[in-house]
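Take a look at the structure set out below.
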Amino acid sequence: MAATTTLLGLLTPTQGTLSGTWGDSVNYGISDYLDIAIAGTLSFAGDGAITLANTTGSASGNGITSTTAQYMVIRITGTQTVTKVITGPSYSKLYMVDHAGATSAVTFKASGQTGVSIAVGEKAFVYYNGTDYVKVASSTADGVTSVAGTGTVNGISLSGTVTSTGNLTLGGTLTGVNLTSQVTGTLPIANGGTGTTSTTFVNAATNVTGTLPVANGGTGLTAGTSGGILAYTATGTLASSAALAANNVVVGGGAGAAPASTNLLAISAAVTTGNYIKAIGYADTVTALGNTGTAINLDLTSGNVFSATLTGNATITLRFPVSSGASSFTLILTNDATANRTVSYAGGSFKFPGGAASLSRTTTANAIDVWFFFTPDGGTTYFGSIPMKNLTA
């Protein structure tokens with residue numbers, strides 16, 4: 001009998017053999033086996049374990065049986081009530097297993113091993129890796145659902161293992177996918193999606209419960225004190241102060257202390273109609289102008305009591321009065337050691353008692369006069385007087 005190849009058991013005729021039977025031997029022992037190894041389908045129906053084994057041909061026939069291992073496609077049909085076990089030969093071999101049966105899965109394995117499971121409706125490529133049969137790739141009627149290794153499926157670049165149960169679930173790396181046109185269904189969170197098919201927008205009136213912290217734009221409070229105000233505590237949290245007294249002015253309590261109210265500047269009772277502000281106590285702002293030289297500016301925005309030393313024949317210019325209404329100020333003017341210096345005023349129209357163009361002031365050395373000025377029309381006109389003169393000690 002002629003020798004055969006190690007894997008597929010094909011006849012290997014040698015010179016001087018097969019005399020008179022050469023044609024039948026090649027046809028039965030090589031051609032028929034190449035035919036089933038490339039395109040042959042072996043079908044099994046129902047339950048029952050199957051063991052595939054190599055067969056060989058000869059001049060008298062190909063010897064192919066219903067369990068010949070050299071077939072390319074293994075097809076399962078009919079109804080299975082238990083898992084059908086198919087044992088393949090333990091040599092390098094690739095099979096395409098088509099599970100067209102119903103109810104139960106098929107296990108395809110090597111002798112003494114656990115093999116792989118082929119689900120109902122699945123079509124899988126399996127091969128012997130030297131130990132057992134492993135799954136290379138599989139598909140269902142809906143398309144590719146499992147690809148092992150790295151490759152491209154319908155223009156999608158895959159790496160790792162991509163598997164599916166129902167919808168396509170990626171277990172490896174997916175690149176080159178246009179999500180607008182290629183992704184359907186719900187994209188799970190693990191794959192960069194939200195896992196939801198709808199979004200609920202937050203309605204603060206109905207969706208927010210509990211206390212909104214200061215760090216999230218809230219007050220950290222569920223309620224406040226009626227008549228109080230919010231202020232930061234020493235720990236940086238918001239708190240409601242106690243109720244403030246009616247018609248009082250709010251004053252700060254210092255770092256970490258709650259604000260309070262005071263009646264230092266309060267609303268008095270009605271005089272005739274309406275209310276007026278009654279100052280309980282106040283202090284004037286004193287601004288020291290220094291030496292006058294021959295000219296100096298007196299800015300009314302910097303205070304309401306001024307002091308200056310006359311060190312030359314000086315012109316004092318009044319600036320920045322209130323824009324409208326009445327205001328007044330006091331000037332404490334001290335002569336230096338030189339007597340008989342002169343002083344004049346600019347910045348408005350000045351009127352003095354008796355229609356005088358200027359006032360008779362103390363001109364002796366080191367003398368002090370206290371001047372008073374009042375404007376009823378926002379600095380257009382100033383009325384002046386010297387209520388206290390020659391205050392030299």
### Query
How about Y232: does its OH atom have over 12 heavy atoms from other parts shown lying under 6.0 Å from it?
no
Hydrophobic cluster membership, with links at side-chain heavy-atom distances under 4.5 Å among I/L/V/M/F/W/Y: are [X] and [Y] in one?
X    : Y    : value
L359 : F306 : yes
F320 : F373 : no
L333 : I296 : yes
V26  : I64  : yes
V370 : Y382 : no

Backbone N/O of [Y] and side chain of [X]: donor-acceptor pair under 3.5 Å:
X    : Y    : answer
Q80  : A102 : yes
N191 : L187 : no
Q70  : A37  : no
K84  : G48  : yes
N291 : G293 : no
T362 : T364 : no
N304 : D284 : no

### Query
Going by atom types only, do T375 and D377 share a side-chain donor-acceptor pair under 3.5 Å?
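Present: a donor and an acceptor within the cut-off.
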### Task
Apply side chain to side chain contact (heavy atoms under 4.5 Å, CB included) to D132 and K109, showing your working.
CA-CA 6 Å; D132 197 1; K109 70 183 189 69; 3.9 Å; yes
### CA sep, side-chain torsions, deciding dist, call: T315, S344, side-chain hydrogen bond (donor to acceptor under 3.5 Å, both in side chains)
CA-CA 5 Å; T315 297; S344 60; 3.2 Å; yes
For [X] and [Y], which heavy atoms make the closest approach, and how far apart are they?
X    : Y    : value
S240 : T225 : OG-N, 2.9 Å
S241 : P259 : CB-O, 3.9 Å
S90  : S111 : OG-N, 4.2 Å
Y71  : K93  : O-NZ, 3.1 Å

#### Entry: Sub-6.0 Å ring centroid separation between Y95 and F108
yes
### Message
Walk me through whether V126 and I118 qualify under side chain to side chain contact (heavy atoms under 4.5 Å, CB included).
### Response
CA-CA 10 Å; V126 299; I118 314 297; 4.2 Å; yes
### Task
Answer yes when D369 and K389 have at least one side-chain N-carboxylate O distance shorter than 4.0 Å, and no when they do not.
no
### Query
Do M72 and I38 touch side chain to side chain, with heavy atoms closer than 4.5 Å?
no
### Candidate pair F372 and F374, rule side chain to side chain contact (heavy atoms under 4.5 Å, CB included), full reasoning
CA-CA 7 Å; F372 175 77; F374 167 77; 3.9 Å; yes
### Task
Using the side-chain hydrogen bond (donor to acceptor under 3.5 Å, both in side chains) rule, take T55 and Y33 through it: C-alpha gap first, then chi angles, then the decisive distance, then the call.
CA-CA 9 Å; T55 58; Y33 277 88; 2.7 Å; yes
### Message
Out of the candidates T311, N335, D336, only one should pair with R341 under the side chain to side chain donor-acceptor pair (under 3.5 Å) rule; please name it.
### Response
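Option passing the side chain to side chain donor-acceptor pair (under 3.5 Å) with R341: D336.
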### For I229, the rest of its hydrophobic cluster, which grows through side-chain links under 4.5 angstrom
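For the cluster that includes I229, the remaining residues are L244, V250.
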